Each structure stands twice: as structure tokens, then as C-alpha cells.
Amino acid sequence: MNVNDSIAAIVSEQERFFHKGITREVGFRLQQLRKLRQVIIARESDIIRALRKDLNKGEQEAYTTEIGIVYKELSFIIKNLKGWAKPRRVKTALTHVGSRGMIYPEPYGKALIIAPWNYPWQLAISPLIGALAAGNTAIVKPSELTPAVSGLITSIIQETFPPEYVASVEGGPDVSTSLLEQPMDYIFFTGSTHVGRIVMEAAAKRLTPVTLELGGKSPCIVHEDAPLELAAQRVAFGKFTNAGQTCVAPDYLLVHSRVKEKFISHLKGSITSFYGQDPLTNIDYGRIVSKKHYDRLSSFLDNGNQRHGGRTDKDQLRIEPTILDDITWDMPVMEEEIFGPLCPILTYDDLNDAIRAINDRPKPLALYLFTDNEDVQDHVLSSISFGGGCVNDTLMHLATPYLPFGGVGESGMGAYHGEYSFHTFSHSKSVLKQTNRFDFKFRYPSKNGLAILKKLLKP
Ligand code: NAD
């Protein structure tokens, strides 16, 4: 059987399985999620090993950003699923007296999840948890650029679920394309804006609903009143975790010119305290995923003035945390999402100039603002559209299950995490349950019907 045929076979088996109705039982879903949790616990050290192999993720980073976050998502969803899955009664309009309005969350059917390489475990498994919680079957397509983690995902899925319920299909763009040609009922894609467009075009052919979790250049504003030492630590954490290969990493900094020098000196201090004097020999400092990305990032190293870092290790595909000062918007490093450990710094004197510069570009996935001034916070938050972000922190908004996580415009559409994952993978079926005890005749064609309706429906 060739790849296309075997994909088509999995899809039709999942279709048959879904129509058996087993996944509609919340008890079944909870049982499967608990089973998944048990298998993950049992395979935790394999996951850590695979992340080390593919991306040189240190154990602390792997645990917090890949494994712990998945445990939290699982526990939160297991705890709340029964409540979310219940049919919900809504208010009755005056025109509908006697009836009951109900919303029934129902699974779409077969969900396709396409994942990227940068958090190869979390970004495949977290949407899977949402898809299963909502009662769908699922096919996961992990990234071809992280073969150790992708192989492990396949093995864990095979160990936990039958393929007619959950399957993992490995491969690159060809396999992805073939999956996108299948009659799926929901597509959840995480990756680049460029491929997001391809996914949406494929989905449009079958009118399949999509969530697109994309990327872009996320700005980080450091205002003049910011507590600079703390801000620098939080920026360094957001920028250099996973060697900068984080979709919501602060891509570039806009620092008030009055505090730039002091901020840079704290940023250097944070980098040294996190990764030592020689990050290239720090065994827990991440590596760049591929030679192609390493070469792309290396080509930016001469942009502006290097104020810290800049050394590279071609054999290990590693680049030091690097601060690039005196950056201008027309430099190559500002033309595309960096996705690496390079931190370009631009300055501003008037905050409105910084806001205008951000608004001249596509809507970012994240925005970070460091200031304690609430007027400044309100002004920035009401002037710029972005997916999500933090005031006085970086990355942390994605780690709480209470906040929806997603982009807007070129950074994506739709959102997930916690209850938002459940709703993303559920269709809200609206049903009006009418009473037979009485009937308002005025809605039927009649002589005085219009007069009554005009009163009821008046502006
Ligand atoms: P990518 O778009 O190259 O690949 C993502 C997935 O799409 C992979 O599984 C890949 O095999 C598949 N793919 C690649 N080309 C394809 C094609 N032509 N047709 C169909 N499928 C195709 O992205 P990436 O390099 O793996 O990840 C980096 C990007 O993802 C960055 O832009 C980053 O910002 C973004 N990202 C976003 C989020 C988020 O949550 N919003 C999270 C992580 C990464």
C-alpha cells in the first residue's frame, strides 16, 4: 500500500469508528485522557531523551515547556470536562416564550493536527488533548525535523490508542499535503504563516474549519519606567529559551532611548547568569534545529552592532545568545521572524512612534510591554492588535489554561488551551425546544398578526 492509500484507509477507519458513537460518551473521553496521562508518565524519560537528541533541550526546560505544561493541560481538562460537555440552557427571548434554547457541544468528527518542530511534543499533544476531550478521533502529523520526538509520539500513540481512534502519521510536506486532501472534519495547524496559507487553501476546498496557530515578529517594548533588571531577566528568559526558537519569543525589542544602555547591561548580566560565560559549552543551552536555519540566522549576525555574544559552533549548530544594537527597520534581521537567539534592539523617544511602527506591520502573535504605568499599559493595549501577550513578563500567558492562546491576522486564527481547546474542537449545536402546551397564532399569516409582530419586534 502506498502512503496515500494507507492515509485514506486510516481516515475511513476513523470515520467508521466515529459513527459508532463511542467518543460521544464523556466517560470514554475521560478514560482515554487518563490513559494518555499514564503512558506519558511512564515514558517521561524517553520524551526528555528525545528532546535532548533533536534540539538539545536541557531537562529543566524540557520538563517545564514540553512535559509539565501538557500535564497541567491534561489535569485541567480532566477536572472540568464533564461541566463543559453538558448541554447548556440559554435565556429565552420574549418572542420565544414557552420554549427553551439549548446549546449542545458536539464533536466535529475526525480532527487533523499538524505540528511544528520547535516544541515538538507539546504542540502535537496539547491540541490532541483538546480534540479527544471534545470527542473527536484524531490524526497527528508531527514534524519531520524532529525525528526522535516524532517517532516517540507515534510509539506513544500506538501504545495508547487503536488507529481507528488516534493515529500518528509521520512525514514532511508530501505526507502533510496528502493528509490535507482527505475529508477531515477539523484541521488544527501550528506552523509558519506561509504554510498556514497552504493549509487554509486546502481546507477551503472541502469547507473544513481550521485553527491556524502561526508566527510572526512579536515586539517587546521596554518603557523608561520599567524595572530594568527584572525586565532584562524576563526578556532573556523569553528570548533565549529553546535558543530563541519559540513562536511567542520576543522577536525584537523597542527600548526607550533613555534607558537603553542600562537595560543592555542588565540583559548581558541575565544571559551570563542563565548560560554562563561560554554558552556554547553549556550542555543545557539549545541548538538550532537544522543547517538551513543555522545559516539563515548566522547571516544576521553582522546586522547593527554586536553588544554581546555572536560566536557560533557550526558542527553543533549552536549560536550564542546575541544582542544586536543600533538596528533599523530596513535591516535583514527585521524582515522576517528571527526564530533564533538573536536579540535586535531598536529605540524610541516617543511611545506613539513605537506603536505606529508596530501597527505598520502584520498583527503579531505576541506583544510584551514592560512598564508599571497603567496609563501607558492601557494606551498600548488599546492601540495595537496582537494575539496575546504579557505586561511585565514574556511567554507566561501561554502557560495558563485560563487564557485562550492564538493569533490574529497573519499570526493566525482561533485559539486553544483549557476550555478554549474544548470549544475549538466542538461544534456548538443550537437547538430550540418548543412547547406544545400553547401556540402564538400571530406568527402565522393572519389579519392582525402584523400589528402584534410589529410591537414585539419594534426597534
Ligand atoms: P512549518 O510551517 O514549516 O511546518 C509546520 C508543519 O507543516 C510541519 O509538520 C510540516 O511538515 C508541515 N508542512 C511544511 N510544509 C508544508 C506544505 N507545503 N504543505 C503542508 N504541510 C507542510 O513550520 P515550522 O518550521 O515547523 O515551525 C516554525 C513556525 O511555526 C514559526 O513561524 C513559528 O512562529 C510557528 N509556530 C507557531 C506556534 C503558535 O502556537 N502560534 C507555535 C510554534 C511555532
Side-chain angles (χ1 to χ4, degrees), residues 3 7 54-55 65-66 69 73 112-127 130 139-147 149-150 153-154 168-182 184 187-203 205 210-218 238-239 241-251 288-290 292-294 296-297 335-340 362-367 386-389 395 397-399 403-417 420-421 424:
V3 180
I7 287 174
D54 284 335
L55 291 158
T65 65
E66 299 259 21
I69 196 167
E73 182 77 352
L112 171 63
I113 294 160
I114 300 178
W117 53 263
N118 61 333
Y119 289 86
W121 170 255
Q122 188 227 130
L123 295 175
I125 301 300
S126 185
I139 298 178
V140 178
K141 208 298 281 169
S143 173
E144 69 281 15
L145 295 183
T146 44
V149 176
S150 298
I153 287 173
T154 303
S168 169
V169 178
E170 289 180 66
D174 290 356
V175 167
S176 215
T177 305
S178 165
L179 284 162
L180 287 168
E181 284 164 3
Q182 295 297 318
M184 301 305 292
I187 298 172
F188 188 102
F189 171 80
T190 308
S192 60
T193 301
H194 167 69
V195 179
R197 284 202 174 87
I198 297 173
V199 170
M200 196 161 170
E201 259 184 67
K205 291 205 177 105
V210 288
T211 293
L212 300 177
E213 298 282 344
L214 310 178
K217 286 182 92 62
S218 298
K239 183 73 193 182
T241 290
N242 200 22
Q245 302 166 109
T246 303
C247 55
V248 283
D251 185 277
I288 307 306
V289 71
S290 67
K292 188 175 136 215
H293 284 287
Y294 171 88
R296 184 182 60 81
L297 290 164
E335 277 169 15
E336 57 185 78
E337 181 181 5
I338 300 170
F339 229 57
K363 294 179 180 180
L365 179 60
L367 181 135
F386 55 93
L395 312 193
H397 63 295
L398 73 76
L403 283 175
F405 177 71
V408 58
E410 289 204 7
S411 57
M413 61 182 71
Y416 73 131
H417 288 176
Y420 300 92
S421 284
T424 282

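Since we're looking at a predicted model, the values are computed, not measured. Ligands are counted one by one from 1 in listed order, and the atoms in each one are counted from 1 as well.
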[atom1] of [X] to [atom2] of [Y]: how many Å apart, nearest 0.5 Å?
X    : Y    : atom1 : atom2 : value
F188 : I114 : CZ    : CD1   : 11.0 Å
T65  : L123 : OG1   : CG    : 9.5 Å
E336 : T193 : CD    : OG1   : 12.0 Å
N242 : I288 : CG    : CD1   : 8.5 Å
I125 : I153 : CD1   : CD1   : 5.0 Å
Y119 : T246 : OH    : OG1   : 2.5 Å

Within a distance under 4.0 Å of any heavy atom of [X], pick out the atoms of ligand 1 and give their elements.
X    : result
E213 : 37 (C), 38 (C), 39 (C), 40 (O), 41 (N)
T190 : 5 (C), 37 (C), 38 (C), 39 (C), 40 (O), 42 (C), 43 (C)
K141 : 8 (C), 9 (O), 10 (C), 11 (O)
N118 : 43 (C), 44 (C)
L365 : 41 (N)
L123 : 42 (C), 43 (C)
S176 : 12 (C), 20 (C), 21 (N), 22 (C)
I114 : 6 (C), 7 (O), 9 (O)

Among all protein heavy atoms, pick the one closest to [atom] and tell me residue, atom and distance.
atom                    : result
atom 34 (O) of ligand 1 : E337 OE2, 2.5 Å
atom 36 (N) of ligand 1 : C247 CB, 3.4 Å
atom 35 (C) of ligand 1 : G191 O, 3.2 Å
atom 18 (N) of ligand 1 : I198 CD1, 3.6 Å
atom 27 (O) of ligand 1 : P116 CB, 3.4 Å

Inset, instruction - Starting from the C-alpha separation in whole Å, work towards a yes-or-no answer on side chain to side chain contact (heavy atoms under 4.5 Å, CB included) for E66 and V149. - result: CA-CA 11 Å; E66 299 259 21; V149 176; over 6 Å; no

Purely on distance, is any nitrogen or oxygen of [X] under 3.5 Å from one on ligand 1?
X    : value
H293 : no
L214 : yes
Y416 : no
G172 : no
S192 : yes

Heavy-atom closest contact ([X] atom, [Y] atom, distance):
X    : Y    : answer
T154 : E170 : OG1-OE2, 2.7 Å
V175 : V169 : CG1-CG1, 3.6 Å
A399 : I69  : CA-CD1, 4.1 Å
P120 : T146 : CB-OG1, 3.4 Å

Legend entry - Worked verdict on F405 versus E213 for side chain to side chain contact (heavy atoms under 4.5 Å, CB included): CA-CA 9 Å; F405 177 71; E213 298 282 344; 3.7 Å; yes

Legend entry - Side-chain donor or acceptor of S421 paired with backbone N/O of G130 under 3.5 Å: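 No.
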
Inset, instruction - Assign the ring pair W117 / F339 to parallel, tilted or perpendicular, where the plane angle (0 to 90°) is split at 30° and 60°. - result: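 Plane angle over 60°, so perpendicular.
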
Inset, instruction - Return yes when G407 approaches ligand 1 closer than 4.0 angstrom through a heavy atom, no otherwise. - result: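 In this structure, G407 fails to qualify as a contact of ligand 1 - no heavy atom is under 4.0 Å.
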
Inset, instruction - Give a yes/no on ligand 1: does F189 have at least one heavy atom closer than 4.0 angstrom to it? - result: yes

Kindly identify the option in [options] whose heavy atom sits closest to [atom].
atom                    : options                : result
atom 26 (O) of ligand 1 : W117, F339, Y119, F405 : W117
atom 8 (C) of ligand 1  : S143, A115, P173, A202 : A115
atom 15 (N) of ligand 1 : L212, T246, V195       : V195

Legend entry - E144 and ligand 1 - part of the residue with a heavy-atom distance under 4.0 Å: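 For E144, only side-chain atoms sit under 4.0 Å from ligand 1.
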
Legend entry - Per-atom contact, atom 4 (O) of ligand 1, protein heavy atoms, under 4.0 angstrom: no

Legend entry - Salt bridge present between E410 and K217 (N-O < 4.0 angstrom):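 No salt bridge links E410 with K217.
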
